Amino acid sequence: MTKEISTGYQPGDVETQWYDRWVEGGCFRGDENGDKESYSIVIPPPNVTGILHLGHVLNNTIQDILARRARMEGKDVLWLPGTDHAGIATQSKVEQKLRKEEKKTRRDLGREAFLERVWEWKDKHGGIIIEQLKRLGCSCDWDRERFTMDEEYSKWISKIFVDLFEEGLIYRGKRMVNWCPKSLTALSDEEVIMKPQKSKLYFMRYRVVPEDGDDGERWVEIATTRPETLMGDTGVAVNPDDERYGDLVGRKVIRPFPEAEIPVVADEHIDPEFGTGVLKVTPAHDKADFDIGVKNDLEIIDVFHPDGKLNDHAGPEFSGMDRFEARKAAAEKLEEMGQLVKVEDYENNVGFSERADVPIEPRISMQWFLKYPCVEEAANAVANDEIRFRPDRWKKTFAHWMDGIQDWCISRQLWWGHQIPVWYRKEKAEELQARESLDAEQAGSDLHVGIDPPADEENWVRDGDVLDTWFSSWLWPFATMTDSDAEPSATEKKFYPTTDLVTAPEIIFFWVARMIMAGYRWRGELPFRNVYFTGIVRDGKGRKMSKSLGNSPDPLDIIAEYGADALRFAIMRTAPLGSDIRFDIANEGGKEVYPQVVEGRNFANKLWNAARYRQMQPDSAQFDAASLSIYSIDILAKLDKLTVDMAAAYEDYRFNELAQLLYDFFWSNYCDWYLESSKSALSEDADEAVRNSTLATMDEVLKRFLLLLHPYMPHITEELWEKLGFRKEDDPEFLMQTALPSAAILADLDEADISQAQEQVKAIYEAVGRARNLKAEYGLSANKEVKFIIDPEGAGLEDVDVFRQLVGAAGVSIEPGFEAEKGVPTALTPIGKIYLPLDGLIDLDAERERLGKESKKAEDELKKVNAKLANENFVSRAPEAVVKEMRDRQKQWQERVDELGRMIDNLGS
RNA sequence: GCGUGGGUAGCUCAGUGGUAGAGCGGCUCGUUUACACCGAGUUGGUCGGGGGUUCAAAUCCCUCCCCGCGUACCA
């Protein structure tokens with residue numbers, strides 16, 4: 001076995017070592033006493049027990065890029081991290097575990113013991129995602145890490161509850177809410193996801209209660225998707241203008257079971273076109289029906305238990321039955337009674353609980369609600385761009401929601417979360433909690449709403465509900481900086497309002513909108529100036545990444561294999577502003593590979609090797625703009641342009657374009673062209689001054705490029721910065737603390753000289769392309785050292801060496817006015833005519849003319865013949881005998897070609 | 001339904017009035033002073049359909065089709 005010394009870049013240890021050094025060096029600390037311009041971001045807190053997914057990678061890489069760039073621009077930067085307690089998500093996880101491992105429910109343990117379990121779970125899993133963010137390279141100020149259930153943070157929640165209650169914005173009331181029969185809690189409208197469902201539309205008929213003057217029996221037909229709620233029907237509604245039913249209004253129909261007479265009412269909300277134009281009204285189980293019920297003073301009969309099973313009001317035969325079973329059973333019973341007319345397939349939208357993924361049940365229950373504060377300020381701030389949305393089309397979505405804003409149901413029937421800071425005096429508790437409404441005005445000595453419990457706590461009962469998780473998240477930007485009972489901290493004074501917020505558009509209402517309102521309410525100003533909305537990470541087929549689909553690769557696995565820098569670069573390069581990201585997953589021999597990440601890794605490797613190449617050369621003398629070759633001027637001018645273009649792209653948050661600019665500059669301009677052209681300048685017999693300025697140019701380019709690339713690929717750039725010895729005595733300890741370069745390397749040179757040099761280089765490079773092309777056409781491999789003859793024109797060649805080096809020629813001679821024999825391969829280029837003199841070739845031009853248009857295939861054959869011939873005589877003229885042999889072979893081929901030509905002709909006729 | 005983003009090479013996408021581009025893939029060739037995680041060359045396109053404006057349209061206008069997202073009390 002041969003021992004292979006890897007020339008490739010191995011990211012693993014390099015990345016973790018640098019991360020540790022940065023942390024030890026205090027690089028991430030936001031200096032609240034600093035006197036530089038401030039830049040700040042608060043992290044969208046991930047779920048405390050969550051696991052890093054590609055969405056996080058995208059989101060946090062963007063934040064890290066912004067933070068690192070800001071540091072290098074010389075700002076005082078704070079990226080404040082933390083985690084969210086995620087009420088339902090975390091509680092269900094623990095409940096699930098309890099059920100599985102101990103066959104117990106949370107009620108078996110009791111509130112206190114259960115919460116202990118959740119804290120245990122949190123302590124065990126809470127740190128995982130934080131460690132994962134560190135592995136990604138995130139430069140958060142970890143000393144300032146917050147958790148939404150920290151003691152200090154929790155006080156904030158109580159404080160704002162009390163504030164809003166006293167202001168009359170929080171009230172308790174019996175309302176129609178979205179009820180999750182699985183989690184057994186109320187949800188906010190935002191937590192309900194509408195999904196189209198294939199269901200059935202049941203047409204049933206109710207008998208009209210006979211009246212005097214009726215002409216025989218009368219029935220009305222009613223269409224419904226939910227026959228299982230029929231037992232809760234307390235009315236039937238028709239449109240007042242519907243002629244078919246106008247006379248029925250005010251009369252009664254018979255609900256089949258439990259049998260009862262229910263009134264027919266008129267309501268404009270009814271669409272005569274839909275179904276039969278008659279609606280069964282179930283005020284307890286539908287929001288619209290509830291409204292109709294209230295308007296018409298209908299009875300409200302709840303036929304469900306909280307878990308979605310039917311209760312006694314549904315009658316003994318249905319009681320205890322699950323709602324979906326009951327749907328079938330009710331339909332069957334109607335059928336038996338002869339009151340089911342028909343059943344049609346039907347597609348409708350059904351609201352699902354976001355977390356539990358079961359259809360939610362509209363349900364009347366006692367909950368706490370909030371009327372939003374500072375709605376107008378928040379709406380205006382976004383409308384007039386005080387807070388800039390990117391892309392700004394989200395403004396419209398935001399405005400639309402703010403426009404139709406509804407009171408927020410903030411109470412949850414959970415245990416994990418911030419318990420509502422409301423206490424009822426023991427002997428009055430039952431009575432108070434049964435009241436249809438409770439607000440600040442009714443608060444008396446029997447109701448205590450406060451940050452602290454009442455002094456004689458044993459005489460009080462605390463409200464058992466907790467607050468919606470988002471009720472704590474909306475304070476995040478300032479509650480993480482200052483304690484609730486203190487004056488604004490130095491940190492807040494320095495870093496609030498924050499500069500950028502990077503988040504997913506999915507939580508524009510859940511979080512962004514509410515933070516803006518909270519910012520105005522408690523801090524009197526906006527919480528952030530820019531909101532960058534990322535796209536959604538999808539798989540190669542365009543499906544959203546999700547656990548259940550199993551299409552979501554673990555970013556940590558990817559990092560382990562390719563490196564964090566590669567993953568960061570890959571995801572940024574494919575993340576255009578505001579549209580979704582396709583994360584391609586290919587399968588190679590049963591193993592998943594990620595083409596975009598492979599490219600990222602290859603890029604890192606390319607960078608690594610370009611640096612290695614530089615390291616193999618001697619040190620350079622001082623950089624001197626006056627003694628540069630045209631090639632050096634060209635690459636430095638392109639670097640200046642890169643610097644300028646990047647600044648502009650950062651202005652507009654065009655992250656994928658930035659990645660592309662970096663990639664193209666380095667790989668194409670620097671490696672493929674400049675490095676290759678430098679090889680002749682670095683050769684042993686090259687001029688000393690040229691060699692020196694070339695090396696100095698390489699250093700300058702690498703130095704500046706590493707700085708520009710650092711926010712995207714922090715680890716490898718830092719490593720190379722050190723390896724190449726770019727840190728000068730007085731420089732900061734790390735690359736990440738070093739100031740970005742300005743775009744003025746060539747400031748000493750004349751503008752016109754620069755553009756002239758660039759034009760010349762462009763012409764030469766184009767000629768190189770043509771010459772290579774010529775070689776390839778004759779099957780001469782890149783390293784066959786052919787001889788070219790150039791008949792110069794225009795810009796011409798300053799020296800032949802670079803050209804020779806780039807095309808891989810043994811010799812290039814300049815022969816003004818050179819006249820080639822017929823058939824010698826020729827190319828027209830901006831620097832003149834280029835000839836590749838080879839003997840005994842078939843004259844392709846002549847043949848092309850002879851064979852006509854149809855000869856594509858014949859021409860290809862001829863090209864192959866020429867390639868063979870060329871390969872046998874590429875350096876010098878062949879001896880007579882060889883030439884003769886080739887001519888014979890040429891003749892044979894020619895015959896075949898003629899035959900082919902005839903065949904084509906025949907085919908044509 | 002309304003709003004919104006999109007449909008360009010086999011794949012992922014750039015390209016807002018002036019000769020259709022990049023990367024990946026495919027094919028051919030290759031142990032050149034870094035890099036095969038590489039180099040050189042090459043092959044791929046009625047720019048979703050139709051109509052219009054214009055000397056000129058992927059780009060502007062109209063219309064239709066398809067996909068995604070948001071939103072809506074159609075039972």
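Not measured: the values here are computed from a predicted model.
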Self-check item: Among B/C37, B/A22, B/G41, the nucleotide that comes nearest once only the side chain of A/Gln660 is considered
Solution: B/A22
Exercise. With sequence neighbours excluded, give me every salt bridge (charged side-chain N to carboxylate O under 4.0 Å, His left out) pair touching residues 287-296 of chain A.
Key: A/Asp267-A/Lys295
Quiz item: How about A/Tyr631 and A/Tyr674: are their ring centres within less than 6.0 Å of each other?
Solution: no
Quiz item: Considering only the C1' atoms, how many Å lie between B/U28 and B/U16, rounded to the nearest integer?
Solution: 38 Å
Quiz prompt | Options B/C37, B/U71, B/G5, nucleotide nearest the side-chain atoms of A/Phe509 | solution = B/U71
Exercise. Check every atom of B/A34, B/C37, B/U4 against the side chain of A/Asn602 and return the nucleotide holding the closest atom.
Key: B/C37
Self-check item: Shortest side-chain distance from A/Lys396, nucleotide among B/A75, B/A34, B/G3
Solution: B/G3
Exercise. Take atom NZ of A/Lys679 and atom P of B/U32, then tell me their distance rounded to the nearest Å.
Key: 11 Å
Practice problem: Find the partner of B/A75: check Watson-Crick (N1-N3 plus N6-O4 or O6-N4) and G-U wobble (N1-O2, O6-N3) distances, both under 3.5 Å, and reply none if neither fits. | Solution: none
Quiz item: Is the shortest distance from a Lys or Arg side-chain nitrogen in A/Arg323 or A/Glu361 to a carboxylate oxygen in the other one below 4.0 Å?
Solution: yes
Practice problem: Provide the distance between the two C1' atoms, one in B/C64 and one in B/A56, to the nearest whole Å. | Solution: 26 Å
Quiz item: In whole Å, what separates the C1' atom of B/U43 from that of B/A9?
Solution: 10 Å
Quiz prompt | Heavy-atom donor-acceptor pair, A/Glu676 side-chain to B/A34 base, under 3.5 Å | solution = yes
Quiz item: Rounding to the closest angstrom, what is the interatomic distance between B/A14 and B/G7 at atom C1'?
Solution: 15 Å
Self-check item: Polar side chain donor-acceptor pair, A/Trp401 to A/Gln406, under 3.5 angstrom
Solution: no
Quiz item: For atom P, what is the distance between B/A72 and B/U59, given to the nearest Å?
Solution: 35 Å
Quiz item: Now, which nucleotide makes the Watson-Crick or G-U wobble pair with B/U28, with each of the two distances under 3.5 Å?
Solution: B/A40
Practice problem: Look through every strand shown and name the nucleotide pairing with B/C60 as Watson-Crick or G-U wobble, where both distances are under 3.5 Å. | Solution: B/G52
Quiz item: With ring centroids as reference points, do A/Tyr712 and A/Phe655 lie under 6.0 angstrom apart?
Solution: no
Exercise. Identify which nucleotide among B/C35, B/A75, B/G41 has an atom closest to any side-chain atom of A/Arg772, counting heavy atoms from C-beta outward.
Key: B/G41
Quiz item: Should A/Lys606 be listed as having a side-chain N or O under 4.0 Å from OP1 or OP2 of B/G39?
Solution: yes
Exercise. Please give the nucleotide sitting opposite B/A9 as a Watson-Crick or G-U wobble pair, both distances under 3.5 Å, or none.
Key: none
Exercise. Please measure how far the C1' atom in B/A40 lies from the corresponding atom in B/G5, and state the result in whole Å.
Key: 40 Å
Quiz item: Of the nucleotides B/G39, B/U71, B/G41, which one has an atom closest to the side chain of A/Trp667?
Solution: B/G39
Quiz prompt | For B/G44, glycosidic torsion class - syn if within 90° of 0, otherwise anti | solution = syn
Quiz prompt | Pair assignment for B/C69, Watson-Crick or G-U wobble, requiring both distances under 3.5 Å | solution = B/G3
Self-check item: Closest listed nucleotide, where the reference is the side chain of A/Asp672 and the choices are B/U4, B/G39, B/A34
Solution: B/G39
Practice problem: Using only side-chain N and O atoms of A/Lys280, determine if any of them is under 4.0 Å from OP1 or OP2 of B/A75. | Solution: no
Self-check item: Nearest-neighbour nucleotide for the A/Tyr613 side chain, B/A75, B/G39, B/U33 considered
Solution: B/U33
Quiz item: If we take the P atom in both B/C61 and B/U53, what is their distance in whole Å?
Solution: 15 Å
Quiz item: For the side chain of A/Tyr663, counting heavy atoms from C-beta on, which of B/A75, B/G23, B/A34 is nearest?
Solution: B/G23
Quiz item: Phosphate oxygens OP1/OP2 of B/A75: is one of them under 4.0 Å from a side-chain N or O of A/Tyr346?
Solution: yes
Quiz item: Which base, if any, makes a Watson-Crick or G-U wobble pair with B/U19, both distances under 3.5 Å?
Solution: none
Quiz item: Side-chain donor-acceptor pair under 3.5 Å between A/Tyr245 and A/Asn239, yes or no?
Solution: no
Quiz item: If we take the P atom in both B/C37 and B/G25, what is their distance in whole Å?
Solution: 11 Å
Quiz item: Of the nucleotides B/U12, B/C37, B/A72, which has the atom closest to the A/Asn349 side chain?
Solution: B/A72
Self-check item: hbond_proxy A/Arg612 side chain to B/C35 base (donor-acceptor, 3.5 Å cutoff)
Solution: no
Quiz item: Now, which nucleotide makes the Watson-Crick or G-U wobble pair with B/U33, with each of the two distances under 3.5 Å?
Solution: none
Self-check item: Upstream residue (5' side of RNA chain B) when A/Pro595 and A/Arg601 are each assigned their closest nucleotide
Solution: A/Pro595
Quiz item: Between A/Trp401 and B/G3, is there a side-chain N or O to OP1/OP2 distance below 4.0 Å?
Solution: no
Self-check item: Any donor-acceptor N or O pair under 3.5 Å, side chains A/Asn609, A/Arg612
Solution: yes
